[in-house]
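Here is the structure we will look at.
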Amino acid sequence: MSSSTLQTDQPESRLIDRFGRQVTYLRISITDRCDFRCVYCMGEDMVFVPRSQILSLEEIARVCRVFVALGVTKIRVTGGEPLIRRGVVELLQELGQIPGLAELVLTTNGSRLESLAQPLRAAGVRRINVSLDSLDADKFRQLTRVGELQTVLAGIEAALAAGFERLKLNAVILKNRNQAEVPRLLDYAIARGIDLSFIEEMPLGQVEGHDRAEEYYSSDAIRRDLAQNYRLLPVADTTGGPSRYWQVEGTQTRVGFISPHSDNFCGRCNRVRVTAEGRLLLCLGNEHSVDLKGILRAYPGDDTVLRTALIDAMQIKPERHHFDLKEAPVIFRHMSVTGG
Ligand code: SAM
Ligand code: SF4
C-alpha cells in the first residue's frame with residue numbers, strides 16, 4: 001500500500017503494547033545539534049551525527065504521517081535545538097496539515113524564538129515548551145555554557161505576543177546550582193500566566209563537570225520549598241504523561257513535576273521517540289529500538305513495511321525505565337540525541 005492510499009483520515013488504534021498501553025504521542029528529534037551546551041544534557045565538545053545520517057525533512061514528514069495513520073494524535077518536534085534546522089517552519093507547516101493530528105507542539109531553548117514565534121504559530125504549532133533554568137544571566141550562562149538569557153527572554157515575549165494556546169517553561173533543577181531560583185522562576189511564570197515544569201535530571205549520556213547524584217534535587221524538595229510561599233492545589237487531570245500538575249492558587253499558572261526518580265510514571269506511558277537518525281526508541285530509559293531510516297530508504301514510496309515495523313515495535317516496548325543516579329549511566333545517548 002503506498003502512502004497515498006493509507007487511510008490517514010481514519011486513524012486506527014494499532015499501536016498497543018504488551019502492557020495494554022496505547023501509543024498516541026510521538027516525540028521526534030529533527031536534529032541532534034544545538035547552539036547551547038547545557039551541562040546536564042551535553043558534553044562541552046560534542047561530536048554530532050554526520051548530516052547524511054540524519055533523516056531528511058521529507059523522511060521526517062513521512063514517518064509522522066504513518067504514525068498518525070496508526071493512531072498517534074500528538075506530535076512534539078524537538079532535538080537538539082529544533083529551531084536551528086533549516087526548513088523547520090516549512091516542516092511544521094506540513095505536519096500541521098496531517099489529517100487526524102490533533103496537537104502539534106514544540107520544545108525549544110528559545111534562542112531563535114524572537115524571529116520564529118509568529119511563523120511557527122502561523123504554521124499550526126499550538127503549544128510551545130521553552131527551557132529556562134535560571135533568570136540570572138551569569139547562572140544561565142553557566143548552565144547552558146554559551147546561552148544568552150536576554151535572547152531567550154525576548155523569545156518568550158515574542159511567543160506570548162504570537163498567541164500560542166499555551167506556553168510552558170521547563171526547568172531542570174540542580175542542587176546548589178539553580179535550586180534557589182525556583183521561586184523566582186515561578187513568579188516569572190505567574191506574571192505571564194504561563195505554566196512551569198520542574199524536571200529531575202536523568203542520567204542520559206556522560207556529562208563532565210558535575211556529579212549527577214550529588215546535584216540531584218527532588219521534586220518533593222522543590223514542592224516543599226514552594227509551599228512556604230504558595231498554595232499548590234492538586235490538579236486531577238494528568239496529560240497522560242510523566243508530569244504531575246498543581247494549580248498555584250489564585251493564578252493561571254500550573255506547576256508540573258517530572259520526577260523520574262521519585263515518581264515512576266511508566267505505567268501511564270503513551271509515547272515513543274524517534275531520534276534525528278531515525279531510530280525508533282520505545283523508552284527513554286532503555287535501548288530497545290528499531291532502525292526506521294533503513295526501512296525509509298529501502299522502501300521509498302511504499303509505507304507498508306514501515307507501518308508493519310511500527311506495529312511490531314510495540315512488542316518490544318519495555319515496561320519501565322531503571323534510572324539510577326548513583327550508577328554509571330547505562331544509557332549512553334545524550335538527551336539531545338534522544339529528543340527530550
Ligand atoms: N533544545 C531544546 C530545549 O532545550 O528545550 C529541546 C531539546 S532538550 C533535550 C528537551 C528538554 O530536555 C529540555 O527541557 C532540557 O532541559 C531537558 N533535558 C536535557 N537533558 C536532560 C537530562 N539529562 N535530564 C533531564 N532533562 C534533560
Ligand atoms: Fe541544547 Fe536543549 Fe540540550 Fe540544552 S537541553 S544542550 S538547549 S538540546
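Counting starts at 1 for both ligands and their atoms, in listed order. Because only heavy atoms are used, hydrogens play no part in the values below, and waters and symmetry mates are left out as well, while side chains stay in.
- Looking at R85 and T31, their side chains never bring a donor and an acceptor atom within 3.5 Å of each other.
- Taking a 4.0 Å cut-off on heavy atoms, E200 registers as neighbouring ligand 1.
- R307 has no carboxylate O lying under 4.0 Å from a charged side-chain N of D303, or vice versa, which leaves the two without a salt bridge.
- Side-chain atoms of E200 come within 3.5 Å of backbone atoms of S219 as a donor-acceptor pair (strictly under, hydrogens ignored).
- Residues Y40 and D133 bring a donor and an acceptor atom of their side chains to less than 3.5 Å of each other.
- Residue contact check: N170 has heavy atoms under 4.0 Å from atoms 14 (O) of ligand 1.
- At a heavy-atom cutoff of 4.0 Å, ligand 1 is contacted by the backbone of T108 but not by its side chain.
- A donor atom on one side chain and an acceptor atom on the other are not found under 3.5 Å apart for D136 and S134.
- Using 4.0 Å as the threshold, G79 has no heavy atom nearer than that to any atom of ligand 2.
- For the pair K175 and Y217, the cation-pi criterion (under 6.0 Å, within 45° of the ring axis) is not fulfilled.
- Remark: ligand 1 atoms within the under-4.0 Å shell around heavy atoms of C41 are 19 (C), 20 (N).
- Those atoms of ligand 1 with a heavy atom of T78 less than 4.0 angstrom away are 6 (C), 7 (C).
- Counting heavy atoms only, G80 comes closest to atom 1 (N) of ligand 1 of the residues S111, S29, C34, G80.
- Geometrically, R184 does not engage Y188 in a cation-pi contact, judged by NZ or CZ lying under 6.0 Å from the ring centre and within 45° of the ring axis.
- Residue contact check: C34 has heavy atoms under 4.0 Å from atoms 1 (Fe), 6 (S), 7 (S), 8 (S) of ligand 2.
- D32 places a side-chain N or O within donor-acceptor distance of the main-chain N or O of V49, the cut-off being under 3.5 Å.
- Residues satisfying the side chain to side chain donor-acceptor pair (under 3.5 Å) test with R127, not counting sequence neighbours, are E103.
- Under 4.0 Å from ligand 1, the heavy atoms of V172 that appear belong solely to its side chain.
- Listed by atom number, the atoms of ligand 1 under 4.0 Å from I199 heavy atoms are 25 (C), 26 (N).
- In terms of N/O distances under 3.5 Å, ligand 1 is approached by S131.
- Taking backbone and side-chain atoms together, C41 has an N/O/S atom less than 2.8 Å away from atom 3 (Fe) of ligand 2.
- The distance criterion of under 3.5 Å between nitrogen or oxygen atoms is met by E81 with respect to ligand 1.
- Looking at E201 next to ligand 1, no N or O pair under 3.5 Å apart turns up.
- For ligand 2, the atoms closer than 4.0 angstrom to any heavy atom of F36 are 6 (S), 7 (S).
- Judged by distance alone, the side chains of N109 and S111 do bring a donor and an acceptor atom under 3.5 Å apart.
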